[in-house]
Protein chains: 2
Amino acid sequence: MKLKEFASQLGLSPTTVSRALSGYPEVSEKTRKRVAEEAVRLGYRPNINAVRLVTGRAGAIGVIMGRTGEFHFAEFMSGMAERLDGEDIDILVSPTADRDSTDEVPLYSRLVTSGRVDAVIVHSPKPNDERIAFLHDLGFPFLVHGRSETDVPHAWIDIDNESAIRRATSHLIDLGHKRIAMINGRAGRTFSLHRDKGYRDALQERGIPFDPRLVAHDHFTDELGFRFARSFLEQSPRPTAFVAGSMMTALGIYRAVRSRGLVVGRDISVIAHDDVFPYLTAENMVPSLSATRSSMRAAGARSADLVLQLLGGRPAEEIHELWPVELILRESTGPAPAEAQS
Amino acid sequence: MKLKEFASQLGLSPTTVSRALSGYPEVSEKTRKRVAEEAVRLGYRPNINAVRLVTGRAGAIGVIMGRTGEFHFAEFMSGMAERLDGEDIDILVSPTADRDSTDEVPLYSRLVTSGRVDAVIVHSPKPNDERIAFLHDLGFPFLVHGRSETDVPHAWIDIDNESAIRRATSHLIDLGHKRIAMINGRAGRTFSLHRDKGYRDALQERGIPFDPRLVAHDHFTDELGFRFARSFLEQSPRPTAFVAGSMMTALGIYRAVRSRGLVVGRDISVIAHDDVFPYLTAENMVPSLSATRSSMRAAGARSADLVLQLLGGRPAEEIHELWPVELILRESTGPAPAEAQS
DNA sequence: CCAAAAATTTAAAACGATTTGGCTAATCGC
DNA sequence: GCGATTAGCCAAATCGTTTTAAATTTTTGG
């Protein structure tokens, strides 16, 4: 049913009907109510594409999804969806072309210049991220989830990775650990760099030399967690503690530790970063996993919120949000073993 | 840049330009090439919303995402994205309103009647699914991922859950297991029912009585896997084998088994369904997990493909695809222990 | 070289809403 | 009771494309 048809059935002009439905003040309360009721009854709904054309708004927020089906992603989107519920704004997920998305700019270009979305969210930025520069040059609204070191002003939301990992590492040092390994995220991403920094600063603060052989960078998978942990454990002296970037990595580390006949929490301490998943919880692992913790879902919800503010006219320079991260100690961390190591 | 402006810069009419870019035959090869080149050079891109309005096509496939951030979802979408890459079709993810989405029909209604998407994918249907009836009545193109028992003809793609679980259960029986527990998915969903059936049929075939106290239905989380497994293991006699609905469930079962001082693969056999995740693999678990296996990502890619066919005019009645499921035996399954049980 | 046919190109009419500016009727202040 | 204000409604322009129908140019055949 079209507006024209619907309006004539009501004996009103398209103008009045349109205004009534959009809640403009120049239509009487009585007619507004009648229009609203009849719209439901007759099932009239404005053609979204006509609305988009005339208003110039797309009614959607764009997100580019990497190929490497990351498990964080679903949680983040789920959080966005939670916030966007009832807003008549959709989430547009755009397929990424390249396997390792070295150059996502063309994708953003397509998304943005064709008018598909009103804003985009940029994930896992690099310190000098070309996507940010591009979107800024275009004057297109965007929110960065994570941080960059670029000079161009932009809205961002991030968790305090540096402090989280610094505290986690410090805690391990407090427990007497001296050889602490770190299995971090993909090289080159700011969040990995921040975590690196937190780790190194904690070591330095306590006079423990940094050993590059104890640090790895890659995707967050249990397999890589296992492999890196295995190879670290083969060193002599071997590390007595691990700081891990994700829950999946932690699973791999647990396996690696066990496979060497060692016990997590006694021989080897582990702290991982937990994005809070409904289907896999740090508390339930055996032994329960000490973790730096921050809800990815909450971040998604808040990101959607901030994008809405951005679209509402709030200046991007104003939107900077750094979330603190909890450190929750459980059974996977304990005093460094005193005895000599294999 | 608008079409009109772009066309005048080329010294052509909007019509010719539009045709040149869409590859219509009534424009000479020479001008087509020139138009294509200039479009790139000047950065002209048609306003997608104008295109949508006039063509009536939305250029997007809709997906409704449940609140309970399911980890399968990201893989499925990632597969869709893979197939849709280069097609100029997006994935529109719509927030679900209710927590347990008992009534998703209004959401589909909004998605469909407002012209946001050209087709939708319905996930985890129930045997008599109101979403399917609704979409069918509207005459709107849709693909069901999973199966339903409704009479209305519709396109679907599914994996052979029944046969997979029947074979898994049979295999356990072959190994001498008699008390086999099953931790299945949400009650009421067809895939859960199919798995139930496969399980029961396998038992019946071999004259093993069905014991409802050995079956559970719920979401796929490691916590629920743990809890159900714990409670099953408290029974006397206790089960000697588990069939599980997901990798996360299997993680929980492993923990529960260990927490009772038992050993997976020796005291307790486990087979789970593996949707194939890049970040968590059955092969790498300890002991490696025997699994029924089918790639969720591949299903997503194929689903996108089928939707494209549907939109291309292929009749829905023709599109029925039942994928076989591999059964991969690893170390988590072994002969039933002979000795008496606690 | 010319009429007819074929190959290109174009002007103008959709698509279905929002919004500007104008019009009429009701209300107000004095 | 009357001009001025306001409330409520409407006609028509607009958004940026695609596509229909028509016009123009080029090619063809005799």
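Lettering of chains follows the sequences in order, A, B, ..., and the numbering in each one begins at 1. The shown structure was predicted, so the numbers you read here are calculated from the model rather than taken from an experiment.
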Looking at [X], does any N or O in its side chain come under 4.0 Å of the phosphate oxygens OP1/OP2 on [N]?
X       : N      : answer
B:Thr15 : C:dA12 : no
A:Tyr24 : C:dT18 : no
B:Tyr44 : D:dT17 : yes
B:Thr16 : C:dT9  : no

Between B:His219 and A:Tyr279, is the ring centroid distance below 6.0 Å?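 Ring-ring flag for B:His219/A:Tyr279: false, centres at least 6.0 Å apart.
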Length of the [atom1]-[atom2] vector between [X] and [N], whole Å:
X       : N      : atom1 : atom2 : answer
A:Leu21 : D:dC9  : CG    : C1'   : 15 Å
B:Met1  : D:dT17 : CE    : C1'   : 15 Å
B:Leu3  : C:dA13 : CG    : P     : 17 Å
B:Asn49 : D:dC15 : CG    : P     : 15 Å
A:Asn47 : C:dA14 : CG    : P     : 17 Å

Which part of the nucleic acid does [X] contact within heavy-atom distance under 4.0 Å: base, sugar-phosphate only, or nothing?
X       : result
A:Ser18 : base
A:Ser28 : sugar-phosphate
A:Phe6  : nothing
A:Arg52 : nothing
A:Leu12 : sugar-phosphate

Dump the intermediate steps for salt bridge (Lys or Arg N to Asp or Glu O under 4.0 Å) on B:Arg41 and B:Glu38, then the final yes or no. CA-CA 5 Å; B:Arg41 197 173 68 80; B:Glu38 290 294 283; 3.0 Å; yes
Aromatic plane relationship, B:His320 with B:Trp156 - under 30° parallel, 30 to 60° tilted, over 60° perpendicular: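 Plane angle under 30°, so parallel.
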Determine, step by step, whether B:Arg45 and A:Ser109 satisfy the side chain to side chain donor-acceptor pair (under 3.5 Å) criterion, reporting the C-alpha distance in whole Å, the side-chain angles of both residues, the deciding distance to 0.1 Å, and the verdict. CA-CA 10 Å; B:Arg45 205 159 326 197; A:Ser109 164; 3.0 Å; yes
Residue whose nearest DNA chain C nucleotide is more 5′ - B:Leu53 or B:Val27: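 Comparing both residues, the 5'-ward one is B:Val27.
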Residue whose closest nucleotide on DNA chain C lies nearer the 5' end, A:Pro14 versus B:Ala50: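 Its nearest nucleotide being more 5', the pick is B:Ala50.
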With a 3.5 Å cut-off and just heavy-atom distances, do the side chain of B:Arg19 and the base of C:dT10 make a donor-acceptor pair?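 Flag set: donor-acceptor pair detected.
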Answer yes if the side chains of B:Thr15 and B:Ser18 hold a donor-acceptor pair under 3.5 Å, and no otherwise.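 No, no side-chain donor-acceptor contact under 3.5 Å.
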